[in-house]
Every structure is written in C-alpha cells, then in structure tokens.
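Letters go in sequence order (proteins before strands), and every chain restarts at 1.
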Protein chains: 2
Amino acid sequence: MPAHHHLHSIDAIRATSRRLVRELGFMSTDLAGTDLPPSAVHALIEIEGGGVTARDLGARLRLEKSSVSRMLRKLVDSGDVRELAAEGDGRVKMLSLTASGKDRVAAIHAFARAQVADALSRLQPGQTRAVLEGLRLYTDALAGQRDAGAPAPGIRIESGYRPGIIARITEMHARYYSQAHGLGQHFESVVAGGLAAFADRLNAPVNQVWVATAGDAILGSIAIDGEDMGPGIAHLRWYIVDDALRGTGCGKALLDTALAFADAQGFSETHLFTFSGLDAARHLYEQRGFVLAQEGAGSQWGKEVTEQRFVRKRTSPRHADR
Amino acid sequence: MPAHHHLHSIDAIRATSRRLVRELGFMSTDLAGTDLPPSAVHALIEIEGGGVTARDLGARLRLEKSSVSRMLRKLVDSGDVRELAAEGDGRVKMLSLTASGKDRVAAIHAFARAQVADALSRLQPGQTRAVLEGLRLYTDALAGQRDAGAPAPGIRIESGYRPGIIARITEMHARYYSQAHGLGQHFESVVAGGLAAFADRLNAPVNQVWVATAGDAILGSIAIDGEDMGPGIAHLRWYIVDDALRGTGCGKALLDTALAFADAQGFSETHLFTFSGLDAARHLYEQRGFVLAQEGAGSQWGKEVTEQRFVRKRTSPRHADR
DNA sequence: CTATTTAGTTGCATGATACAACTTTATCGA
DNA sequence: TCGATAAAGTTGTATCATGCAACTAAATAG
C-alpha cells in the first residue's frame, strides 16, 4: 500500500462508495422505472451497443454464463432481444434489440437521464466535471486499467478562446498552487490578470492558447505569448493539467503542441518561469530542451520562493535533435 | 433540467456509473472476501457504528423491514450480532457486535481497505482527492433527490478572499453573459482583469467581497469597491448569482449585505454599471433606492449595448426608508 | 380506555444466482 | 485426418435475498 494513500482517504472513499451504491439502489429488485432486474437493464444497454454475445455479457456484467443464458431467455421471450447465429462460428449467437426492445431501452435512457439530470441540478456546473472525473478515475483504478501513455479517450487538444477559459485556467492554478504550495490571493490575481490581458491579444498570430478538453470540460491548458518577452522570444505561460489527466500523456501533448507552434512561428527562444520544487514539470521541460538560465529568491507570486527561468533554443532545422 | 447540464455529461456519468457498479460487484452473491451477502456486510458496518436498530438499518440500506429482520436473524444465529432490549421502549432492539462479530468486521475492513488501496495505487497522488470529491458530490446529489424540497441547505454569506474566488466569479459571469447576452472574450477579460486588480486591494477597509456559499461551492457574489470611483462613492461590482440560487432570496441577501456595508463605511453614494435588458436585476436595484442616472450606447464589454449607470444615495439616518 | 401508530416477526411467493453436468461446435496437435 | 481438448451456450438443481401482506406486541394519541 503506497504511503501517500492515508487510511483516512481510503476509509472515506469506502464509506462514500457504500453510500453511493445504496443510493443507486443496489438491492432493489427493479431498476430505472422498469420491471426488469438490474442485470437485465445492464444487459439491454450493452446489447444496444451492438456486436455482443452471451459470453461478452457474462464478462462485462461479471455474471456466470448460466445466469446470462436464463436472463437472455427471458428477454427473448418478452420480445426485446433477438438472437442470430454468428457467421463462421456455429456456437455463438449475436444479440440485438428488436423494435420493441429499442423502445424499452429508449425509455430506460429517458428515465435514467432524467434522474441523473435531476441529481446534477443540485450541483453547480463545475462540479459536474468533478463528479465525472472522480467516477472515471475510481472505476478505471478498480478495473486495473493501466493504459499509461495513451491520452485518455475523448480528450482533445483545442486552441483558441471559448467562454469560461480564463475562469477555468485561473481555477486550476488557484486550486493546485494554493493547496500544494500555499500560494494565495496575489497569485490568483497574477494569473487572472495576466490571462485577462493576454486574451485581449489572442488575435495576434504569435499568441495562442490550447486546452485539453473532455466534452465541454477543460482539463489542461498552455499558452504561447509571443509579445511580452520582446522580439524573437516566445513566452510559455499557464501550463497546467488537472489531476484527472495526470499520467495520461496529455500534459506532454500540450507542451509539444505549444513548442511546435513556437518553432513554427520562428521564435529563436522559448522562455518559461516557474519555481523550484516542481520536479516532475522540470523533468518534462528538460526533456524538451529547456535549460535553467536564471534562479533566485523572489516573491512576485505573493510568497517567497526560488523563482526559476528556463530557456529553450529553437530546435535547429538542420539536425532535428533526437 | 437546467440547460447547463449537457446530455453529453449526463450520459458519460451514467456510463461510468454503470461500470463502477459492476466493478464493485453489485451482482455477486458474496462481498469483501466473506461468505456474507452484500446487505449483511453493509449491515455489519452500520452496526459497528453503534446505536443502530433494525428500523435504522432498513432506512440506511433501503431495505424492507422484513428483509432486515431475516438478515439480522442470521447474523444473530451466527453469533456476530447481539440484540438488546432498548431502555424505555419494549419494542425496539439495540444492535451491537459480539466479539466474533468485531473480528469479522475487522476482517472485512482489512480486505476492503486492501482492495481500495490497491486500486488507488494505480492513481497519481493528487487523484485520490479527485476520486473522493467526485464520489461525495454525486452521492450527496443523489441523496438530495429523496429529501427533495429541502430549502437550500446551508447557504451562507461570507466575506473575504478564498482560493478560487476570482476564477469562480469570473466563471459565473462568463457563463451567464455569454449564453444569455452574447458577450464573449473581451467581457470575460474585463471581469477577470478587474477582479484580479481588485483582489489585490481587498485589504483596504473600504473594499470587500461577499460570496454565497454552499459547503465549499460559491454560488453567488457581490463586491463593494470603495476606491475606484473617487472619494465618497462606493462602486457595487460583480453582482451575480448562479441559476441554482434563483428565487431563494440569496441574491437579495447579498445585495443588502453589500449596501449595509457601503452605508456603514460612510459612502454618500453607491454606483453600479449594467446594461438595459436585465429587468429582474433592475427591479431589485430600484427597490433598494437605485435610480437610473445615465444611459447610452457603449461597448466597453466587447459588444454594443445600452450601458446604464444606477446611483443610490445613502439611506438617510433620519428616516429609514421602509 | 379505545383507536391508531410503530417496531419487529412470519407466511408466502418470486426470482436471480451459482454450480455442475450436458450438447454442440471449433481448434489444436501429431 | 483424426482424436483430444476447449469454448459457447443450455438445463437441472439448490440456495437465498427480497417484497408484500398479515400478524404480535408495545407505545402513543385523543
């Protein structure tokens, strides 16, 4: 058990998870406003996706094959599911929904969506994202999925302004740096004020901002400010990724996107400011050719830290270095 | 269904939630490495907390009382649970764990902790908090459905800076004004930049910001800037409430709090800037003694609107007007 | 003092599930 | 090519958690 997972967190997660399962109605005999047992509802939704066999259902729902067999029999008898012999293998039966089965699934979706939407209406908008992140992280962890490196599915890197981008980038900074490094009001003001001014200059072709988005949620950001450091120098700013994206490679993707832009725009150097102690980030910078150029105590962010300037020369067009 | 909860988020949460329930093993007959049914495991953990009756168990596990009765019978027969007649009421039985029951619960805890710790070990350090937050938010939201109608629990008006306040106030503005009035990047920059600068001046006694909070969520804001309009004039700024608080009276409470502060600080006038079309807000202002003092086309917010200045003279100490 | 409510039990029916044994079809190795 | 083995799905059998309804006993209200 890793040391950083305190027993407190573990028990808190367990207790919440127990409550959640109860709220979701784990012991009720029917579900989602139908007279179907929970497993049948799950099964119908899986079958809706297409290309499913009885064996797949057993694996996905963690049910014994005989239980699946009987459950399917009932769904076939009720006219919701159709079985078709699979081509090429006489043993397997492909499952699909009949017309009435589709109606039934549609009703299930409508009911469940209304229920979830009603629950979410008790949250503020930003918290919807927190809910999804938390559920997804925990589920993936339980499933033992470790597809490290590959960007999480559905995460895209997009550029340009969108409503709320200043607010959200500021929020990620305020949250992370206040909790992990004790930075407070002045730091948040510096971030918000800088971003506000920068956004007004986004139409200049040397300036750009990118975000990592999942749906309409912003989970990471980076920007190149091509004006504020003087001619020929790109300033890499507002580079941060949400906890939910840690270890997914999205952080690297953002950084590479920004550096490619800086190179393409013809900047000879890219500068960035940070402070000591952010070792994971520093490693990333150095991998990309950044070198520590300046270091010293400073308090421009509202607290005395060892501020650092990293500089990266443009990758030479003559010999790509790697 | 509030417009800001897109179908995308809802279906993503539903899909993840289905997966989670499966990973937690909702359909397996035993749980947590014991030979007990899920409900019995939940029951034992509840009983461990102490002061529980059969009726309480039914409520917490959402089970019918007869089911609880039978389940308890088995736990008593197996020597894990003890029933004691409650003092003062001959009908109820207080439940407690026997020595062997405590051993059993300890084993359950050990098993489950190991399982959760193993899952969490696949996450990055900061993600544990994200998991807990997401689970807790969603569970609370779901639980909130059952006791619906409970009027906005625990909404408080608080003053002063807290991490993320600039981000959140900016977000509320960006979201509302971009969707309802088509204001875009420049407006968000004006809000964020103004707030950033104002936050740096919050230590001045004539400046203050208030937020309506529910737990740690910010659902409304207002501020008095006592410096930027010149001597003797208070500037009411960043007044907004989230959809979730519409009609709860929190908006009025915020406004009254800010105006009371302005009066107490001795300002002779309070000014605010808005634009035409925000009729509900205008009504609120006029109720509090604001009068339209100036009006004209302008585009300081990035779009041509009819900008308005409202002015309210300090409530005379001689005759409080209402 | 009687009627009603509440905590908990029991009769009964339902039905979801696992295990084991089975049929049918596919695959693999010599 | 054939025989052994595995895989997909079915059926027999037993178990057991659950809900509804009817019940007992104790408390409370009028």
**Prompt:** Does OP1 or OP2 of D:dG19 have a side-chain N or O of B:Ser67 closer than 4.0 Å?
**Reply:** yes
**Prompt:** Under a 4.0 Å heavy-atom cut-off, which of residues 72-82 of chain B touch DNA chain C?
**Reply:** B:Arg73
**Prompt:** B:Arg162: what forms a salt bridge (Lys or Arg N to Asp or Glu O under 4.0 Å) with it, not counting sequence neighbours?
**Reply:** B:Glu158
**Request:** Apply side-chain hydrogen bond (donor to acceptor under 3.5 Å, both in side chains) to B:Ser159 and list each qualifying residue two or more places apart in sequence or on a separate chain.
**Result:** none
**Message:** Among residues at least two apart in sequence or on other chains, which ones pass side chain to side chain contact (heavy atoms under 4.5 Å, CB included) with B:Thr53?
**Reply:** B:Arg55, B:Asp56, B:Met94
**Terminal helix-axis angle for the helix from C:dC1-D:dG30 to C:dA30-D:dT1, with five pairs defining each axis and rounding to 10 degrees** = 30°
**Prompt:** Is a donor-acceptor pair below 3.5 Å formed from side chain B:Arg70 to base C:dG11, judging by atom type as modelled?
**Reply:** yes
**Item:** Under the side chain to side chain contact (heavy atoms under 4.5 Å, CB included) test, residues paired with A:Gln179 that sit two or more places apart
**Value:** B:Arg129
**Whole-Å gap separating P (D:dG12) and CD (A:Glu64)** = 16 Å
**Request:** Quick one: list whatever passes salt bridge (Lys or Arg N to Asp or Glu O under 4.0 Å) with A:Asp103, sequence neighbours left out.
**Result:** none
**Residues in side chain to side chain contact (heavy atoms under 4.5 Å, CB included) contact with A:Thr257, at least two apart in sequence or another chain** = A:Ile157, A:Trp210
Anything under 3.5 Å between a donor and an acceptor, one on a side chain of residues 72-86 of chain B, the other on a protein residue two or more places apart or in another chain? List them.
| from | atom 1 | to | atom 2 | distance (Å) |
| --- | --- | --- | --- | --- |
| B:Ser78 | OG | B:Lys74 | O | 3.2 |
| B:Ser78 | OG | B:Leu75 | O | 3.0 |
| B:Ser78 | OG | B:Asp80 | OD2 | 2.7 |
| B:Asp80 | OD1 | B:Ser100 | OG | 3.4 |
| B:Asp80 | OD2 | B:Arg104 | NH1 | 2.6 |
| B:Arg82 | NE | B:Ser96 | OG | 3.4 |
| B:Arg82 | NH2 | B:Leu97 | O | 2.9 |

**Request:** Under the side-chain hydrogen bond (donor to acceptor under 3.5 Å, both in side chains) rule, collect the residues that match up with A:Glu64, sequence neighbours excluded.
**Result:** A:Ser66
**Item:** Spacing between B:Met71 atom CE and C:dT9 atom C1', to the nearest angstrom
**Value:** 14 Å
**Complete:** The side-chain hydrogen bond (donor to acceptor under 3.5 Å, both in side chains) partners of B:Arg70 (sequence neighbours excluded) come to none
**Asked** Where is the tightest heavy-atom contact between A:Arg168 and A:Asp242, given as atom of each residue plus distance?
**Response** NH2-OD2, 3.1 Å
Just the table, please: protein N/O against nucleotides 3-8 of chain C N/O, every pair under 3.5 Å.
| from | atom 1 | to | atom 2 | distance (Å) |
| --- | --- | --- | --- | --- |
| C:dT6 | O4' | B:Arg91 | NH1 | 3.4 |
| C:dT6 | O2 | B:Arg91 | NH1 | 2.7 |
| C:dA7 | OP1 | B:Arg55 | NE | 2.8 |
| C:dA7 | OP2 | B:Arg55 | NE | 3.1 |
| C:dG8 | OP1 | B:Lys93 | N | 3.0 |
| C:dG8 | OP2 | B:Arg55 | N | 2.7 |
| C:dG8 | N7 | B:Lys65 | NZ | 3.1 |
| C:dG8 | O6 | B:Lys65 | NZ | 2.7 |

